[in-house]
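To start, the structure itself, in structure tokens.
The figures here come from the full heavy-atom set of this structure, side chains too, leaving out hydrogens, waters and symmetry mates. We name chains A, B, ... by the order of the sequence lines, and we start the count at 1 in each one.
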Protein chains: 2
Amino acid sequence: MDRMDQKIVAILRRDGALTGVELGERVGLSASAAHRRVKAMEAEGLIRGYRVRFSPQALGMPSTLFVSVTLTDQRQETLERFEAALKRCEQVVEAHLMGGEIDYNVKLAIPADDSYERVHRDVLAVLPGVERLRSQISIRAVVEQA
Amino acid sequence: MDRMDQKIVAILRRDGALTGVELGERVGLSASAAHRRVKAMEAEGLIRGYRVRFSPQALGMPSTLFVSVTLTDQRQETLERFEAALKRCEQVVEAHLMGGEIDYNVKLAIPADDSYERVHRDVLAVLPGVERLRSQISIRAVVEQA
DNA sequence: TTTGAAACCTTAAACGC
DNA sequence: GCGTTTAAGGTTTCAAA
């Protein structure tokens, strides 16, 4: 991770579909040198993979829900069971163990053909160790994944 | 957007770096047919672009902060000024206009060499129209971007 | 580690089905 | 619509510096 790698990271963060040729031109290396650095970062785990950004239409116009979760206690076993259950929920897009009052902050994508009520009843209320849930609905995404 | 396109979306959601050849094999089309569909989805805006997933190390180990924002009022002009300012903040990774009590839910990435206190003082408190800020720190990401 | 070139693979258009 | 072919260009590897 030298200065050149950081330069490549900065460029690739903005556009993930750059060719080795263009990347090389932008950082001042040959195509193969630039490409080899990218492959090295992949091998080291600095680059975890590549993703396609889909429009909400392509994904069935899901709406976004944020749920603050308080568990019954903070015992390691309670956390582990809750996290394992979370990971199995396909509606869960992102989840964080939090500091402060709330234990978990969970982001869900709810398909257009599904209801918030059903997800609350069948997905969230079923999670093990939950004491309190506080849900907030996103009306509109203002900024997305810089 | 027929059944085949949905199949392609499902596969590409998991791995964004698939070639037309491999994609074709997985959905049961020729390489060129699969590739044509992907290009068509790009042209229609269903595919918005491609991103690289970096490890936190590659990005300087940023920590994640969630901030609930209440504005002084909900006038259109207040919202627009606040949103425009948000979009200029490079620390802001994601932001949603919310329903209910809180007006905005903002996710920030704070570089390891930066402090929460500085971001709160120089980035958040400076935003126009802010009445109240409630910050929560992520200790650990449990699920990320299914 | 870099470069430059060769071999290989992918992409994108043309054609017929 | 799909598949095959084909030319252009991108990727990957390798020898040499």
Side-chain angles (χ1 to χ4, degrees), chain A residues 1-62 93 109 111-114 144-146, chain B residues 1-62 93 111-113 144-146:
Chain A
M1 249 335 241
D2 59 3
R3 207 98 203 92
M4 186 61 83
D5 282 331
Q6 285 171 22
K7 217 162 150 185
I8 290 172
V9 168
I11 291 172
L12 247 35
R13 245 155 85 84
R14 279 184 258 183
D15 186 352
L18 282 181
T19 65
V21 176
E22 199 173 338
L23 185 60
E25 282 172 9
R26 298 260 291 262
V27 296
L29 284 177
S30 72
S32 63
H35 182 253
R36 197 156 32 66
R37 278 171 178 273
V38 172
K39 288 294 153 190
M41 287 194 271
E42 288 176 10
E44 288 169 44
L46 294 172
I47 289 177
R48 291 177 149 182
Y50 298 86
R51 314 215 82 132
V52 183
R53 278 161 47 83
F54 289 101
S55 74
Q57 289 95 316
L59 303 175
M61 300 255 202
V93 171
D113 59 2
D114 203 341
E144 269 177 308
Q145 285 295 108
Chain B
M1 250 331 241
D2 59 6
R3 206 101 204 90
M4 186 61 81
D5 281 332
Q6 285 172 23
K7 219 163 149 184
I8 290 173
V9 168
I11 291 173
L12 247 35
R13 244 155 86 85
R14 277 184 259 179
D15 187 352
L18 283 181
T19 65
V21 174
E22 199 173 339
L23 187 59
E25 282 171 11
R26 299 258 290 263
V27 298
L29 284 176
S30 72
S32 64
H35 185 250
R36 259 197 303 250
R37 279 174 179 272
V38 172
K39 288 293 152 191
M41 286 194 271
E42 287 175 11
E44 287 168 45
L46 293 173
I47 289 177
R48 290 176 150 183
Y50 299 86
R51 317 214 81 133
V52 183
R53 276 162 48 83
F54 289 101
S55 74
Q57 289 94 316
L59 303 175
M61 302 253 202
V93 171
D113 59 2
E144 269 178 311
Q145 287 291 109

- Under 3.5 Å donor-acceptor, R51(A) side chain and R13(B) backbone: yes
Nucleotide [N], atom [atom2] - distance to [atom1] of [X] in whole Å:
X: E25(A); N: dG9(D); atom1: CD; atom2: P; value: 14 Å
X: K7(B); N: dC2(D); atom1: NZ; atom2: P; value: 12 Å
X: M4(B); N: dG1(D); atom1: CE; atom2: P; value: 12 Å
X: L23(A); N: dT3(C); atom1: CG; atom2: C1'; value: 16 Å

- Sugar-phosphate atoms are those with a prime plus P, OP1 and OP2; base atoms are the rest. Using that split, label each nucleotide of nucleotides 4-14 of chain C B, S or - for protein heavy atoms under 4.0 Å, 5' to 3'. B-----SSSBB
- Query: Can you name the closest pair of heavy atoms from F54(B) and R48(A) and give their distance?
  - Reply: O-CD, 4.1 Å
- Note on the structure: Contacts of S32(B) meeting side-chain contact (heavy atoms from CB on, under 4.5 Å) (sequence neighbours excluded), chain-then-number -> S30(B), R36(B)
Please tabulate, for side-chain N and O atoms in residues 18-28 of chain B, each donor-acceptor pair with protein atoms closer than 3.5 Å (sequence neighbours left out).
from: T19(B); atom 1: OG1; to: E22(B); atom 2: N; distance (Å): 3.3

- Item | D2(A)/R37(A) under salt bridge (charged side-chain N to carboxylate O under 4.0 Å, His left out): CA gap, chis, key distance, verdict | CA-CA 10 Å; D2(A) 59 3; R37(A) 278 171 178 273; 3.0 Å; yes
- Query: Heavy atoms, side chains only, cut-off 4.5 Å: are R53(B) and I47(A) in contact?
  - Reply: no
